[in-house]
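What follows is one structure encoded as structure tokens, with my remarks underneath.
For the single chain, residues carry numbers from 1 onward in sequence order. Worth knowing before you read on, the calculation uses all heavy atoms, side chains too, and leaves out hydrogens, waters and symmetry mates. What you are looking at is a predicted structure, and each value in this text was computed from that prediction instead of being measured.
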Amino acid sequence: MMGKFQVMDHPLIQHKLTIIRDKNCGTKEFREVVNEIANLMAFEVARDMPLEDVDVQTPEGVAHAKQISGKKVAIVPILRAGIGMVDGILDLIPAAKVGHIGMYRDEKTLEPHEYFVKLPSDIDQRQIFVVDPMLATGGSSIMAIDALKKRGASNIKFVCLVAAPEGVKALQKAHPDVDIYTAALDQKLNDKGYIVPGLGDAGDRLFGTK
Ligand SMILES: O=P(O)(O)OC[C@H]1O[C@H](OP(=O)(O)OP(=O)(O)O)[C@H](O)[C@@H]1O
Ligand SMILES: O=c1cc[nH]c(=O)[nH]1
Ligand SMILES: [Mg+2]
């Protein structure tokens, strides 16, 4: 069965996305707002986390209540830009572990290159949120998810801020089991592989490089 594809059109998310699309938004605000959007998105991405019954003694009696059970979470940012989304998700799921996958896109060929992988040892038993603000050609996210699956991961969701139709199609084709969440589905890629209108180079805008 094809994974879910969801554009998160909540007004708060849309408003904040508009702030960071603005080319005059500086590094400090960009970094803060990326985390705020990731935080709001995590609320929905975590919707199907499994619950178990638990009885809890309140001051007035016993409540037949729920708590999160089963699979633990790992957040896996694709370096560099994915790092910008981690703290916003950790605010909601503070016990999550964080794995890192380093990936850069060759500026000419647009081919992704993996340069770093460091994951929690029990990655095969975790619900994984792969995060990267930009889904452009899809090359980076496909290769990052390949790297995770090679190490036994199976329960994977991909969370981005802006996606291009080309990238969504490629990622769905390569990894049909992976749910994709984005704050926006934009028009297209330009001849340099940038998303139009997008928000420019997410890594550079987050870290103040270039
Ligand atoms: O879908 P794709 O066509 O693969 O493009 C998207 C990738 O490009 C950007 O990373 P970049 O290579 O610029 O590295 P950076 O995060 O270190 O800047 C972005 O953060 C994604 O990882
Ligand atoms: O538009 C794009 C495409 C790839 N990577 C980015 O940071 N921005
Ligand atoms: Mg970049």
Under 4.5 Å between any side-chain heavy atoms of [X] and [Y], yes or no?
X: Ile93; Y: Ile68; answer: no
X: Asp146; Y: Glu114; answer: no
X: Ile83; Y: Leu206; answer: no
X: Arg126; Y: Leu119; answer: no
X: Asp186; Y: Arg21; answer: yes
X: Ser141; Y: His175; answer: no
X: Ile123; Y: Lys97; answer: no
X: Ile75; Y: Met85; answer: no

Single-linkage hydrophobic cluster [X]~[Y], side-chain heavy atoms < 4.5 angstrom:
X: Phe30; Y: Ile19; answer: yes
X: Leu92; Y: Tyr181; answer: yes
X: Leu189; Y: Ile142; answer: no
X: Phe116; Y: Ile128; answer: no
X: Val131; Y: Leu199; answer: yes

Tell me, yes or no, whether the heavy-atom count around [X] atom [atom1], taken from other residues, nucleotides or ligands under 6.0 Å, exceeds 12.
X: Lys149; atom1: NZ; result: yes
X: Lys4; atom1: NZ; result: yes
X: Gln67; atom1: CD; result: yes

Exercise for the section: Check which hydrophobic residues are tied to Val56 through side-chain heavy-atom contacts below 4.5 Å, counting indirect links as well, and list them. Expected result: none
Handout entry: side chain to side chain contact (heavy atoms under 4.5 Å, CB included) between Val178 and Val130, intermediate numbers included
Key = CA-CA 10 Å; Val178 171; Val130 177; over 6 Å; no
Practice task
With Met8 as reference, evaluate Leu40, Val45, Leu161, Ile37 under the side chain to side chain contact (heavy atoms under 4.5 Å, CB included) test and give the passing residue.
Solution key: Val45
Exercise for the section: For the pair Arg80 and Thr209, evaluate side chain to side chain contact (heavy atoms under 4.5 Å, CB included) and give the outcome as yes or no after the intermediate values. Expected result: CA-CA 11 Å; Arg80 288 175 304 163; Thr209 43; 3.1 Å; yes
Exercise for the section: Not counting sequence neighbours, which residues clear salt bridge (Lys or Arg N to Asp or Glu O under 4.0 Å) with Asp55? List them please. Expected result: none
Interatomic distance, [X] atom [atom1] to [Y] atom [atom2] [nearest 0.5 angstrom]:
X: Leu17; Y: Leu12; atom1: CG; atom2: CG; result: 12.5 Å
X: Lys66; Y: Leu51; atom1: NZ; atom2: CG; result: 6.5 Å
X: Leu79; Y: Asp132; atom1: CG; atom2: CG; result: 9.5 Å
X: Met2; Y: Asp177; atom1: CE; atom2: CG; result: 10.0 Å
X: Lys157; Y: Ile180; atom1: NZ; atom2: CD1; result: 11.5 Å
X: His10; Y: His15; atom1: NE2; atom2: NE2; result: 12.5 Å

Completion exercise
Nearest heavy-atom contact between Ile78 and Ser140 is CD1-O, 4.1 Å
Handout entry: Least distance between heavy atoms, Ala202 atom then Ala81 atom
Key = CB-CB, 4.0 Å
Handout entry: Pair Lys169 + Glu166, salt bridge at N-O below 4.0 Å
Key = no
Practice task
Could you tell me which residues satisfy ring-ring contact (aromatic ring centres under 6.0 Å, His included) with His113, sequence neighbours excluded, listed by chain and number?
Solution key: Tyr104
Exercise for the section: Check step by step if side chain to side chain contact (heavy atoms under 4.5 Å, CB included) holds for Phe43 and Ile13. Expected result: CA-CA 11 Å; Phe43 190 78; Ile13 294 176; over 6 Å; no
Problem - Working for side chain to side chain contact (heavy atoms under 4.5 Å, CB included), residues Lys192 and Glu107 - result: CA-CA 8 Å; Lys192 293 199 172 79; Glu107 283 179 12; over 6 Å; no
Handout entry: Modelled atom types, side-chain donor and acceptor of Arg105 and Thr137, under 3.5 Å
Key = no
